[in-house]
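A note on names: the letters A, B, ... follow the listed sequences, proteins ahead of strands, and every chain is numbered from 1. Atom set for the values below is all heavy atoms of this structure, side chains included, hydrogens, waters and symmetry mates excluded.
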2 protein chains.
Amino acid sequence: MVEYSEQALDRTFSALADPTRRAILGRLMSGEARVTEIAEPFEMSLNAVSKHVAVLERAGLVRRDVQGRVHQLSFEGAPILEAARWMEETRRFWEARLDALEAFLEKAKAKNTPPDEKETKS
Amino acid sequence: MVEYSEQALDRTFSALADPTRRAILGRLMSGEARVTEIAEPFEMSLNAVSKHVAVLERAGLVRRDVQGRVHQLSFEGAPILEAARWMEETRRFWEARLDALEAFLEKAKAKNTPPDEKETKS
DNA sequence: GGAATATTCAACCATATGGTTGAATATAGA
DNA sequence: TCTATATTCAACCATATGGTTGAATATTCC
């Protein structure tokens, strides 16, 4: 198992746990932007957006490049990579177990009484 | 772009944004367990752990199977898969941009004035 | 039935979060 | 220099979060 910084994961996941912040990241992925530009499409105040940006910056997901009075923001992917790796590992573990289960079900089915179908989430 | 349920992503990411809850998931990945068993290694009260489990359950990351007074908990991977997909998409976008940047740097280097080296994070 | 066990519910507390408004700061431009 | 612009800082508010303790509930076992 790879080692992860718990604090970094905390910051990354909680930064991602807000739709406004995910939208900001989405916006930044298609290119740099200033705080005011970022804030424009949202219904909330500029200050609220500024705070969201600060959260993203603290999590390392956004880089701020101050040029005079303008703050250029850009997307920074490294923490996502880290968190995604954590999730991948988790998921792989789970899938391995799931594969084992499926194999078992398959064998059971081949034998005689077919078990219940897998549920489908709505 | 695939569509994601914002609320589901909210719940998944904020459920993952806590080290205790990630540890609980880790524990559950190696097999089912009851609430008391889960709580045992933690310093906090059983009630606190019970609440964490409830959060994970609400996010769909944990399934609860009540057998008499015992609640058997098991890991449920689907939401992780969903969130991981979101991150993968995000990451791919970013990597594409990064690749473009690297290509640009490479070309610039080949020409004449080598631009600054990429910084390495501590 | 009565005691022990597994778990949640309820109330409470401290702190964090997401929003607001108004003022402060710093830079750009006439 | 004066004004407009870009942004943060500070104070405040409502609600959410993560923890506690004590009581309630349901189940098992003697």
Side-chain angles (χ1 to χ4, degrees), chain A residues 6-28 31-76 79, chain B residues 6-28 31-76 79:
Chain A
E6 294 293 319
Q7 290 200 3
L9 288 176
D10 284 4
R11 279 194 297 266
T12 304
F13 283 129
S14 61
L16 293 177
D18 180 285
T20 303
R21 287 195 292 263
R22 287 195 302 274
I24 292 175
L25 286 185
R27 167 69 184 76
L28 284 179
E32 286 197 346
R34 299 172 299 140
V35 177
T36 321
E37 282 170 4
I38 291 290
E40 201 266 321
F42 295 102
E43 301 257 288
M44 68 193 71
S45 72
L46 171 67
N47 279 8
V49 173
S50 172
K51 278 195 191 179
H52 279 301
V53 169
V55 171
L56 289 167
E57 195 185 8
R58 243 173 282 128
L61 288 159
V62 155
R63 219 187 51 210
R64 182 189 304 262
D65 216 334
V66 181
Q67 301 162 0
R69 63 182 166 178
V70 170
H71 296 206
Q72 287 287 351
L73 306 174
S74 52
F75 179 67
E76 193 61 68
Chain B
E6 294 294 320
Q7 290 200 3
L9 288 175
D10 284 4
R11 279 194 296 266
T12 304
F13 282 130
S14 60
L16 293 177
D18 180 287
T20 303
R21 287 195 291 264
R22 288 195 302 274
I24 291 175
L25 285 186
R27 168 66 184 76
L28 283 179
E32 286 197 345
R34 299 173 297 138
V35 177
T36 322
E37 281 170 6
I38 292 290
E40 200 268 320
F42 295 102
E43 301 257 289
M44 68 192 70
S45 71
L46 170 66
N47 281 8
V49 174
S50 172
K51 279 195 190 179
H52 279 300
V53 169
V55 170
L56 290 167
E57 196 186 8
R58 244 173 281 129
L61 288 159
V62 156
R63 220 186 52 207
R64 183 189 302 262
D65 217 334
V66 181
Q67 301 163 358
R69 64 183 167 182
V70 169
H71 296 207
Q72 286 287 350
L73 306 174
S74 53
F75 179 66
E76 192 61 66

Given A:F75, which of A:V62, A:L56, A:I24, A:L28 fulfils the side chain to side chain contact (heavy atoms under 4.5 Å, CB included) condition? A:L28
Round to the nearest Å and state the distance from A:L16 atom CG to C:dG18 atom P. 12 Å
Sequence neighbours left out, what pairs pass ring-ring contact (aromatic ring centres under 6.0 Å, His included) with at least one residue falling in residues 39-63 of chain A? none
Taking atom P of C:dT17 as reference, at what distance in whole Å does atom CG of B:D18 sit? 12 Å
Could you tell me the separation between the CD atom of B:E40 and the C1' atom of C:dT5, rounded to a whole number of Å? 16 Å
Can you measure from CG (B:D10) to CZ (A:R21) and round to the nearest 0.5 angstrom? 9.5 Å
Rounded distance [0.5 Å steps], CD in A:E6 versus OG1 in B:T20: 9.0 Å
Between protein and nucleotides 25-30 of chain C, map the contacts as a letter string: B base, S sugar-phosphate only, - none, heavy atoms under 4.0 Å, written 5' to 3'. --BS--
Between P of C:dC9 and CD of B:E57, the distance in whole Å: 10 Å
Check against side chain to side chain contact (heavy atoms under 4.5 Å, CB included), A:Q72 and A:R64: CA-CA 6 Å; A:Q72 287 287 351; A:R64 182 189 304 262; over 6 Å; no
Identify each atom pair where a protein N or O and an N or O of nucleotides 20-23 of chain C are less than 3.5 Å apart, giving names and distance.
from   : atom 1 : to    : atom 2 : distance (Å)
C:dT20 : OP1    : A:S45 : N      : 3.4
C:dT20 : OP2    : A:S45 : N      : 3.0
C:dT20 : OP2    : A:S45 : OG     : 2.7
C:dT21 : O4     : A:N47 : ND2    : 2.6
C:dG22 : O6     : A:N47 : ND2    : 2.4

Atom-to-atom span, CD1 of A:I24 to P of C:dG18 - whole angstrom: 11 Å
Given atom CG of A:L73 and atom P of D:dA6, what is their separation to the nearest angstrom? 14 Å
Walking DNA chain C from its 5' end, the first of A:V55 and B:Q72 to be reached, judged by nearest nucleotide, is B:Q72
Is a side-chain donor or acceptor of B:T12 paired with a backbone partner of B:A8 at a separation under 3.5 angstrom? yes
Nearest-angstrom distance from the residue atom CG of A:D10 to P of D:dG18: 10 Å
Between B:G60 and B:P79, what is the shortest heavy-atom contact and its length? O-CG, 3.3 Å
Look at atom CD of A:Q7 and say whether more than 12 heavy atoms of other residues, nucleotides or ligands are closer to it than 6.0 Å. no
Write down the distance between NE2 (A:H52) and P (D:dC9), rounded to a whole number of angstrom. 16 Å
Check whether any side-chain nitrogen or oxygen of A:H71 sits under 4.0 Å from OP1 or OP2 of D:dA6, and answer yes or no. no
Is it the case that more than 12 heavy atoms not belonging to B:R63 sit under 6.0 Å from its CZ atom? no
